[in-house]
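Here's the structure, in structure tokens; my notes come after.
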Protein chains: 2
Amino acid sequence: MTLANASLPQFPMRVVVRRTGLNASLLRAWERRYGAVEPGRSEGGQRLYSEADIQKLVLLKELVDEGHNISQVAGREMGQLRLLLRQNGRHSARRTHEGATPSTGEVDGGAAAQEDVATRFLEVCVDAAREMDTEVLESQLNRAAMALNPSTLVDRVLVPFLNRVGLLWAEGELGPASEHVASAVIRRFLDWLLGTLSPEGNAPVALVGTPAGHRHEFGALLASVVIAGEGWRVVSLGPDLPASEIARAAARKNAGLVALSALYPREDPHLPGELRGLRRLLQAPVPIVVGGPAAAPFADLLRADGIDFLADLAELRERAREELPHSKAF
Amino acid sequence: MTLANASLPQFPMRVVVRRTGLNASLLRAWERRYGAVEPGRSEGGQRLYSEADIQKLVLLKELVDEGHNISQVAGREMGQLRLLLRQNGRHSARRTHEGATPSTGEVDGGAAAQEDVATRFLEVCVDAAREMDTEVLESQLNRAAMALNPSTLVDRVLVPFLNRVGLLWAEGELGPASEHVASAVIRRFLDWLLGTLSPEGNAPVALVGTPAGHRHEFGALLASVVIAGEGWRVVSLGPDLPASEIARAAARKNAGLVALSALYPREDPHLPGELRGLRRLLQAPVPIVVGGPAAAPFADLLRADGIDFLADLAELRERAREELPHSKAF
DNA sequence: CAATCATGTGCAAAGAATGTACAGGGAGTG
DNA sequence: CACTCCCTGTACATTCTTTGCACATGATTG
């Protein structure tokens, strides 16, 4: 899902063998017996694998090496495979997951199916929030995490869900209690997701938080998840921090990226000054990015000061990937 | 802990063997003879364990290592198992294969020792917070949770730690960033602890939150942990809730206890009115308890209205135990 | 003390799961 | 054309699991 043309069939067998470490017979066996991938064919009938195929095969190999049955994992989607891998990888019994449908379930339905699944999750989550049913909400979120890949999860479920909850609250359809309860569940879930997506070793550090005066932290949490998903080790500073503090933390943590989220006081007049101050305090050329509606009006102003405004999480995702010092393959 | 999809059968035997340290024969014996777990099956009939199964097996192994009879514990639910483990105090014999310690290996290996350990943890945690070292902080908290029983953990580590951090912050020794980072870790930890201590089945529900105007939520979180530890299913409403909302939630959840924490605006003049309102709105004779310095001045006033002020978490613990409608034994 | 439980472990035969090899025939390419 | 790579289909070998039963050891009980 990285490259735009990830699904273009183009790699012949030998490339796949080299890149996955699986031998040719085995690749054919996995395809025939478990439908692990479905490579295209050349005119003459030879297999042509896509980048996505290769990625999936790599994940499958890792899972099999960890002890999973190929028959059990071959049919699953990328998102599930990644989560499984992470959970199992930290073989701690700390986190769990839960599933509804047995393995025989859906084959790679493609992006359209994912969308569909995503909106269904969204609806159920909203209902659960309305009913203040934390357990259903939590289990739905988890199920969504299993069924979707991380970016779809964030873009199609979490963000819309938070918006909907905010809306319903503003309209008085949702009492503050429901809203709080839902928030708590979401926050815990995001914390968990952050932990799950965080890279293991010593990845470069990204600082995430909200500027002084901004106390809404969900934007920052989502940003953390996105950034962690791209391979950064995220240090979550929390909300409402003065520039000096952020700078201090950046120095101490030797941060390679600072991301801030400004949601609520909409046209906060202090915001540009605050950010400029931060820019000045960060001696090293650490990139600073800001997102959120409160920052939008100042986009140009900020850019002039070397602070980039990002319109949405997709931009953030891309930026996080670009800034990653050590852009490894796959 | 909770997150949640623990019931998807997917792990083959060998993974379970590796992760639990139990051998295959024994797993089958426990299943056959005591119904310890009921793994799903693959099409070919091979066992597929869920994450929940694995967790249960891990707990069973620990209990057996501590001297419990497998036949006595195999059939119990997760919540009971956790409780049992905690009761046995620090499961110091964590890694030992031999069931060396007989069942009599009694609890308090000396309260004094626990105290000692607790203060050591406290010191390390404070240092970690000062250094903004989330990883050390987190791991120390986890270790403390393992080493101490829940009440010691809360009374001798968590509460003093929060106090210390607050103090250092007030004195300017700790920057807001450090404070926030520490808070985030603590909150996550408390969330986890809450999940761990929560009983499984359908225990009676306790509502926990803070009254309108009170936005500091750690008191409520600690209260949640304490109450959950006594066997309630806690619904955490979050901070800053008007009486009407709390009442609505109580009705909806059929709460058997409402606990509120009021920390900050110290002598909040609205507090008694707010609570009286709540008392009025709760038609059923649901007990309401309040804690925290902000409520202390009104203790007598409130008591006259049928709302009990509790001076500390120990009192809360006792009260929670008393109020528990004595349901099932174990 | 003897009989009985409780519980961990060992074994054999049958079946599953899965990696690999081989044969005969095209495909791709210079 | 020659040479290598790849395709399909089939067969095999190996390693895991499963079931059922037996056994050893230690604790409990009559």
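Side chains included, hydrogens not; waters and symmetry mates left out as well; all remaining heavy atoms used. Keep in mind the model is a prediction, meaning the values are calculated, not measured. Convention: sequence-line order gives letters A, B, ...; per-chain numbering from 1.
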Interatomic distance where [atom1] belongs to [X] and [atom2] belongs to [N] [whole Å]:
{"X": "A/Leu27", "N": "C/dA21", "atom1": "CG", "atom2": "P", "answer": "14 Å"}
{"X": "A/Gln72", "N": "D/dT17", "atom1": "CD", "atom2": "P", "answer": "12 Å"}
{"X": "B/Arg47", "N": "D/dT17", "atom1": "CZ", "atom2": "P", "answer": "10 Å"}
{"X": "B/Leu26", "N": "C/dT7", "atom1": "CG", "atom2": "C1'", "answer": "8 Å"}
{"X": "B/Leu22", "N": "C/dT7", "atom1": "CG", "atom2": "C1'", "answer": "13 Å"}
{"X": "A/Arg28", "N": "C/dG26", "atom1": "CZ", "atom2": "C1'", "answer": "13 Å"}
{"X": "A/Tyr49", "N": "D/dC5", "atom1": "OH", "atom2": "C1'", "answer": "13 Å"}
{"X": "B/Arg18", "N": "D/dT17", "atom1": "CZ", "atom2": "P", "answer": "10 Å"}

base_contact_polar (C/dG8 base, B/Arg33 side chain, donor-acceptor, <3.5 Å):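 A donor-acceptor contact between them is present.
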C/dT18 OP1/OP2 closer than 4.0 Å to side-chain N/O of A/Ser71: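 Affirmative; the distance criterion is met.
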Presence of B/Ser42 side-chain N/O under 4.0 Å of C/dA16 phosphate oxygens OP1/OP2: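 For C/dA16, neither OP1 nor OP2 has a side-chain N or O of B/Ser42 closer than 4.0 Å.
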Closest to the [X] side chain, choosing from [options]:
{"X": "A/Tyr34", "options": "D/dT18, C/dT9, C/dT18", "result": "C/dT18"}
{"X": "A/Arg14", "options": "D/dC6, C/dT9, D/dT17", "result": "D/dC6"}
{"X": "A/Asn23", "options": "D/dT18, C/dG8, C/dT20", "result": "C/dT20"}
{"X": "A/Met13", "options": "C/dT20, C/dT9, D/dC6", "result": "D/dC6"}

Using a strict cut-off of less than 4.0 Å between a Lys/Arg side-chain nitrogen and an Asp/Glu carboxylate oxygen, indicate whether [X] and [Y] qualify as a salt bridge.
{"X": "B/Arg47", "Y": "B/Asp53", "value": "no"}
{"X": "A/Glu66", "Y": "B/Arg18", "value": "no"}
{"X": "B/Glu38", "Y": "B/Lys56", "value": "no"}

Least distance between heavy atoms, A/Pro204 atom then A/Leu324 atom: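 Between these two residues, the closest heavy atoms are CG-CD1, 3.7 Å.
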Flag side-chain contact, heavy atom, 4.5 Å: B/Cys125 against B/Leu141: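 Sidechains of B/Leu141 and B/Cys125: in contact.
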DNA chain C: 5'-proximal contact among B/Gln46 and A/Gln46 (nearest heavy atom):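 Closest to the 5' end, via its nearest nucleotide, is B/Gln46.
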Along DNA chain D (nearest heavy atom to each residue), the more 5'-positioned of B/Leu48 and B/Arg32: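 Closer to the 5' end of DNA chain D: B/Leu48.
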